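To start, the structure itself, in structure tokens.
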Amino acid sequence: MRVGENLNRALHGLLRDDPSVYVLGEDILDPYGGAFKITKGLSERFPDRVLATPLSEGAIAGVAAGLALAGDKAVVEIMFGDFAALAFDQIVNFAAKSVTMYGRRVPMPLVVRCPSGGHRGYGPTHSQTLQKHFLGVPGLSLFEVTPFHDNRVVLDRMLALGEPCLLFEDKVLYTRPMYGEGAVDELFAWRTVDDVAVVELADGGDPDYTLIVPGGLVHRAVSAMRALLLEHDLAGALLVPSRLHPFDPAGVPGLVPLLARTGLVCVAEDGTAGGTWGEHVAAGLHARLWGTLRRPVALVSSAPSVIPTAVHLEREVLVQDTTIRSAVLEGLHG
Amino acid sequence: MNGLADEDLALLLLIRCFERKLLALFEQGELNGTTHTCLGQEYVPVSLRPLLRDSDWIFSNHRGHGHYLARFDDPEGLLAEIMGRKGAVCDGVGGSQHLRRGRYLSTGVQGQSMPVAAGVALHLRRHEPGTLACAYIGDGTWGEGAVYEALNMAALWRLPLLVVVEHNGIAQSTPTSAQMAGTVAGRAAAFGVRHHALDALDVTAVRHEVAPLIEEMRTDPGPLVLEFRTHRLGPHSKGDDVRPPGAPPADWYAAYRAAHPAQSARIEAAARDRVERVAAEVTARPLASWGGACA
Ligand SMILES: Cc1ncc(C[n+]2csc(CCOP(=O)(O)OP(=O)(O)O)c2C)c(N)n1
């Protein structure tokens with residue numbers, strides 16, 4: 001099953017099982033079913049709770065917060081995650097703050113879905129990955145869709161948190177398959193430790209390096225791992241959390257032995273460097289595993305640039321499998 | 001339909017042929033990313049062309065190829081931008097919906113340009129009286145709060161802001177009736193902003209109606225909302241039209257051809273040839289190079 005279909009089924013199941021759930025967004029009604037077709041079939045089945053909105057991102061997020069405040073639950077689709085910038089005030093200054101700023105906890109079960117990322121030639125205002133702008137806000141959790149995590153489980157978890165959550169969805173993932181039980185391909189196997197998918201060589205052994213990436217980078221990371229194994233004889237492991245923030249890999253007991261045995265930890269992410277998720281994860285690892293890490297954590301971000309439209313220019317800016325591969329080689333030998 | 005000078009008709013048909021060619025190039029896999037054609041709406045910027053001056057600013061949107069071609073008659077530069085080839089207006093960085101050339105600028109975030117246009121109008125009012133800022137927006141874009149914040153300031157400060165609304169009855173897949181309560185006229189009235197609606201698809205008639213309004217803005221500044229009731233003939237971007245097939249919407253093209261068959265055939269053949277030549281020539285160019293973020 002493809003990731004987009006998994007997400008679509010998760011929304012169907014959520015609306016079916018919980019009559020307090022609303023889904024809101026631009027152009028999400030059938031037969032159109034949303035710009036990326038993730039909401040297909042929802043409005044036909046649940047016409048009262050699946051609402052197409054005007055182009056009003058700020059108000060959509062605010063309406064969702066109002067539903068949550070009154071005891072319902074809301075899932076919002078921002079057509080392109082870039083436009084979450086228009087909803088920033090409602091998400092950060094109202095929904096997230098309201099959870100705690102009235103002295104007693106106010107539950108805010110609310111999910112803002114953000115189709116994100118480039119590689120599709122959509123240009124500077126339709127290709128960004130805005131995670132870093134929402135990091136470290138009290139009362140706001142960040143999640144990312146991955147090809148490992150069933151989205152129904154993820155949606156249930158987010159809504160149960162009772163605080164607003166952003167769900168980043170790399171648009172390229174929608175048409176990629178979900179990984180089946182256990183195997184990534186003939187070389188790599190996967191399992192989960194807490195909510196972190198761990199990809200390792202099927203025949204075990206200590207990894208020479210360990211990558212940590214959000215769901216959108218999984219295929220680029222696995223491709224880099226193949227090349228590093230086949231061309232450089234380097235064995236890698238890969239960690240992919242479902243919840244990006246808060247996230248503290250060194251605080252997950254099942255991950256500590258792996259992180260301690262590895263020759264290099266490298267965190268790769270989309271978006272430009274500077275105040276990023278990767279830097280935050282690296283700071284945590286440095287503080288908690290200072291005595292055990294063999295080397296400083298290596299970081300990979302996209303080039304410090306807007307994301308150009310032309311594909312050949314876009315490629316130079318965005319993180320590729322080869323960018324990750326070079327960072328690992330440089331980290332180990334450079 | 002009133003007859004047009006060859007030059008006007010050539011521009012209308014250049015835009016029509018350019019947009020058709022883009023959709024064909026997409027179908028052939030020659031283009032990627034996205035694009036929004038203005039099929040059916042070509043007459044709007046062509047009508048306004050002689051009424052706007054080179055010194056006026058234009059703020060365009062995602063559906064902006066016609067706006068650009070009416071201002072610059074530069075299909076080569078535009079196609080090169082869309083295809084990421086040498087000679088691209090913005091080095092291939094901006095693409096179809098992020099163009100800047102002189103006093104022409106477009107952005108892909110709906111509503112964003114309205115306050116910016118108001119700011120430019122504030123500058124013009126003081127430094128270049130008689131010059132205006134023109135912002136093109138669709139009916140759907142009236143959902144964005146920034147539109148009202150800008151309109152309010154433009155009214156308060158009597159800014160020479162010309163808002164051209166291309167009301168094509170739909171936003172992506174959502175009919176206007178499902179996304180706009182009230183009317184554009186009512187919204188303009190609420191701010192005390194002058195509003196004028198146009199149903200004509202006839203370039204000459206439009207010019208006749210609009211010319212005095214724009215002239216007045218130049219001598220006695222203040223915002224004006226021009227609402228073109230128009231029709232989007234094609235998909236929102238490409239292959240994403242889910243409207244049920246019905247009677248074909250009114251199209252200036254069919255009406256003009258029926259009234260002036262010989263002139264239409266002659267000029268359309270020339271426009272088609274021109275676009276084919278441009279497409280072949282631009283496709284053969286090397287890829288655009290860009291100095292990078294800091295250049
Ligand atoms: C802030 C923002 N929200 C959503 C979009 C996605 N989007 C692009 S065009 C469009 C519809 C615009 O409708 P309208 O203003 O009526 O113009 P039309 O496409 O009909 O020309 C939408 C939803 C966007 N570009 N910017």
Side-chain angles (χ1 to χ4, degrees), chain A residues 25-37 39-40 43 51-62 78-87 89-90 118-128 171 272-273 302-317, chain B residues 31-35 62 80-86 88 90-99 106-112 137-147 170-176 178-181 236-237 240-244 286-295:
Chain A
E26 294 162 15
D27 297 287
I28 65 171
L29 299 192
D30 296 314
Y32 199 72
F36 299 102
K37 312 303 164 206
T39 57
K40 224 171 180 38
S43 69
L51 304 179
T53 65
L55 275 73
S56 311
E57 291 77 7
I60 302 169
I78 300 289
M79 186 183 289
F80 284 83
D82 312 62
F83 312 144
L86 284 90
D89 176 63
Q90 289 289 351
H119 306 280
R120 295 177 61 134
Y122 286 167
T125 61
H126 288 61
S127 308
Q128 299 166 92
K171 300 187 280 275
T272 53
S302 59
S305 165
V306 299
I307 300 167
T309 305
V311 171
H312 65 286
L313 301 175
E314 187 188 37
R315 202 179 299 126
E316 287 170 19
V317 167
Chain B
L31 295 184
N32 59 1
T34 188
T35 201
H62 61 297
E81 183 62 38
I82 294 167
M83 299 189 84
R85 295 301 207 279
K86 200 166 186 316
C90 297
D91 293 344
V93 178
S96 168
Q97 51 182 344
H98 311 97
L99 298 174
S106 65
T107 127
V109 182
Q110 300 303 324
Q112 201 175 55
I137 60 174
D139 46 286
T141 298
W142 289 77
E144 297 290 352
V147 170
I170 191 165
Q172 197 143 340
S173 72
T174 308
T176 309
Q179 43 99 345
M180 183 185 288
H236 169 67
S237 52
D240 63 349
D241 206 340
V242 293
R243 290 176 290 188
L287 295 174
S289 53
W290 180 42
C294 306

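Keep in mind that this is a model prediction, so the values were computed, not measured. Reminder, nothing fancy here: chain letters follow the sequence lines and each chain counts from 1. Excluded from the calculations below are hydrogen atoms, water molecules and symmetry mates; all remaining heavy atoms, backbone and side chain alike, are included.
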Is A:Glu57 close to chain B through its backbone or its side chain, or both, or neither, when contacts mean heavy atoms under 4.5 Å?
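When you check distances to chain B, atoms from both the backbone and side chain of A:Glu57 fall under 4.5 Å.
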Checklist entry - Is chain B contacted by the side chain of A:Leu29, its backbone, both, or neither, given a heavy-atom distance below 4.5 Å? => result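 Nothing of A:Leu29, per the 4.5 Å heavy-atom cut-off to chain B.
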- Checking side chain to side chain contact (heavy atoms under 4.5 Å, CB included) for the pair B:His236/A:Asp27: CA distance, chi angles, key distance, verdict? CA-CA 11 Å; B:His236 169 67; A:Asp27 297 287; over 6 Å; no
Picking from [options], which has the most non-hydrogen pairs under 4.5 angstrom with chain A?
options: B:Met180, B:Gln112, B:Glu144, B:Gln179; value: B:Glu144
options: B:Gly95, B:Ser96, B:Gly84, B:Ser173; value: B:Ser173
options: B:Asp240, B:Thr107, B:Leu31; value: B:Asp240
options: B:Ala178, B:Ala146, B:Ala288, B:Gly111; value: B:Ala288

Say whether A:Thr309 and B:His98, considering side chains only, have a donor N or O and an acceptor N or O under 3.5 Å apart.
no
Applying a strict 4.5 Å limit to non-hydrogen atoms, the region of B:Asp91 in contact with chain A is backbone
The interface call for B:Gln97 against chain A, heavy-atom contacts under 4.5 Å, is side chain
(Q) Between B:Gln172 and A:Tyr32, is there a side-chain heavy-atom distance shorter than 4.5 Å? (A) yes
Next on the checklist: Measuring only between side-chain heavy atoms, which start at C-beta, is A:Val306 closer than 4.5 Å to B:Val93?
Outcome noted: yes
Best-contacting candidate, A:Gly58, A:Ser56, A:Ala52, A:Ala303, against chain B by heavy atom pairs under 4.5 angstrom:
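When all of A:Gly58, A:Ser56, A:Ala52, A:Ala303 are compared, A:Ser56 has the most.
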Ranking A:His312, A:Glu26, A:His126 by heavy-atom pairs under 4.5 Å to chain B gives rank one to A:His312
**Message:** So which atom in A:Phe83 and which in B:Gly108 form the shortest heavy-atom distance, rounded to 0.1 Å?
**Reply:**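 A:Phe83 and B:Gly108 have their closest heavy atoms at CZ-O, 4.3 Å.
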One should read off an interatomic distance between B:Asn32 CG and A:Tyr122 OH, to the nearest 0.5 angstrom, of 9.5 Å
Can you tell me how far the CD atom of B:Gln110 sits from the CG atom of A:Leu55, to the nearest 0.5 Å?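 Rounded to the nearest 0.5 Å, the CD-CG separation comes out at 6.0 Å.
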